[in-house]
**Q** 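I have a structure I would like to understand better, so I am pasting it below and will then ask my questions one at a time.
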Amino acid sequence: MAKAEGDGKEPMNEQAVANIYGAMRAEINQIYSKITELEMEVSEHSLVINAIKPLDPSRRCYRMIGGVLVERTIKEVLPAVQRNKEGIEEVINRLNEALEKKKKEVAEFEAKYKIRIKKTDGEMKDESGKKEGNAQGVLVGPASVSE
């Protein structure tokens, strides 16, 4: 019977389950924000690559390395920027894999503990369009009418 109730690793009360679930959701949100941040860096790298590619390879350019602005040539900088972009894209791919894995964990956790998410205000508004009589707005006539 002790095995059916759970071994020592499984949370027993609702508060512990809610805390673990909240931590899992927070971790998913952190992964989403990191992916977004890295996607912005990839787009910045693409802009730089597109800007310096058509220029003369012997032309001078400046690159920030560890907070220090260094002078190089486009011929030296372009391959490094392309490698950085590829590295960031690889990290994004790994984070996407980790995100999918974490989503599956959360789905299994939700199924195991029968967790249902309460609808947010945005979802409630979507449903209010389906049901008539739930409108809470005020209808006002033209403001410039004076009789």
**Q** If I compare all heavy atoms of Pro54 with all of Ala51, which pair ends up nearest, and what's the gap?
**A**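 So the two residues come closest at CD-O, 3.7 Å.
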**Q** How far apart are the C-alpha atoms of Glu100 and Lys104, what are their side-chain angles, what is the distance that settles it, and do they pass the salt bridge (charged side-chain N to carboxylate O under 4.0 Å, His left out) test?
**A** CA-CA 6 Å; Glu100 292 305 314; Lys104 286 179 184 175; over 6 Å; no
**Q** Would you be so kind as to tabulate the donor-acceptor pairs closer than 3.5 Å made by side chains of residues 68-84, with sequence neighbours excluded?
**A**
from, atom 1, to, atom 2, distance (Å)
Thr73, OG1, Glu76, N, 3.4
Glu76, OE1, Thr73, N, 3.1

**Q** Measure the OG1-CE distance between Thr36 and Met40 for me, rounded to the nearest 0.5 Å.
**A**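 The CE atom of Met40 is 9.5 Å from OG1 of Thr36, to the nearest 0.5 Å.
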**Q** Is it the case that more than 12 heavy atoms not belonging to Arg59 sit under 6.0 Å from its CZ atom?
**A**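 No, not enclosed.
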**Q** Under the salt bridge (charged side-chain N to carboxylate O under 4.0 Å, His left out) rule, what do Glu37 and Lys34 come out as? Steps first, then yes or no, please.
**A** CA-CA 5 Å; Glu37 176 186 333; Lys34 190 63 178 177; 3.5 Å; yes
**Q** Hydrophobic cluster membership, with links at side-chain heavy-atom distances under 4.5 Å among I/L/V/M/F/W/Y: are Ile88 and Ile31 in one?
**A**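 Linked, Ile88 and Ile31 end up in one cluster.
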**Q** Taking everything shown except Glu14 itself, do over 12 heavy atoms lie less than 6.0 Å from its CD?
**A**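 No, not enclosed.
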**Q** Salt bridge or not between Glu90 and Arg94? Use side-chain N to carboxylate O under 4.0 Å.
**A**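 Here Glu90 pairs with Arg94 in a salt bridge, since their nearest N and O are under 4.0 Å apart.
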**Q** To the nearest 0.5 Å, tell me how far Lys102 NZ sits from Glu27 CD.
**A**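 Here the rounded value is 3.5 Å.
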**Q** How long is the gap from CD1 on Ile115 to CE on Met24, to the nearest 0.5 Å?
**A**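 One gets 8.5 Å once the value is rounded to the nearest 0.5 Å.
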**Q** Between Glu97 and Asn93, is a side chain to side chain donor-acceptor pair (under 3.5 Å) present by the stated rule, with each step listed?
**A** CA-CA 6 Å; Glu97 291 170 8; Asn93 290 336; over 6 Å; no
**Q** So, do Tyr21 and Ile117 sit near enough that their side-chain heavy atoms are less than 4.5 Å apart?
**A**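 Of all side-chain heavy-atom pairs linking Ile117 with Tyr21, at least one is under 4.5 Å.
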**Q** Between Ile28 and Leu38, is there a shared hydrophobic cluster once you connect ILVMFWY residues whose side-chain heavy atoms come closer than 4.5 Å?
**A**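 Same cluster.
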**Q** Do Glu44 and Val48 have side chains that get closer than 4.5 Å, going by heavy atoms?
**A**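 Side chain of Glu44 against side chain of Val48, heavy atoms only: no contact under 4.5 Å found.
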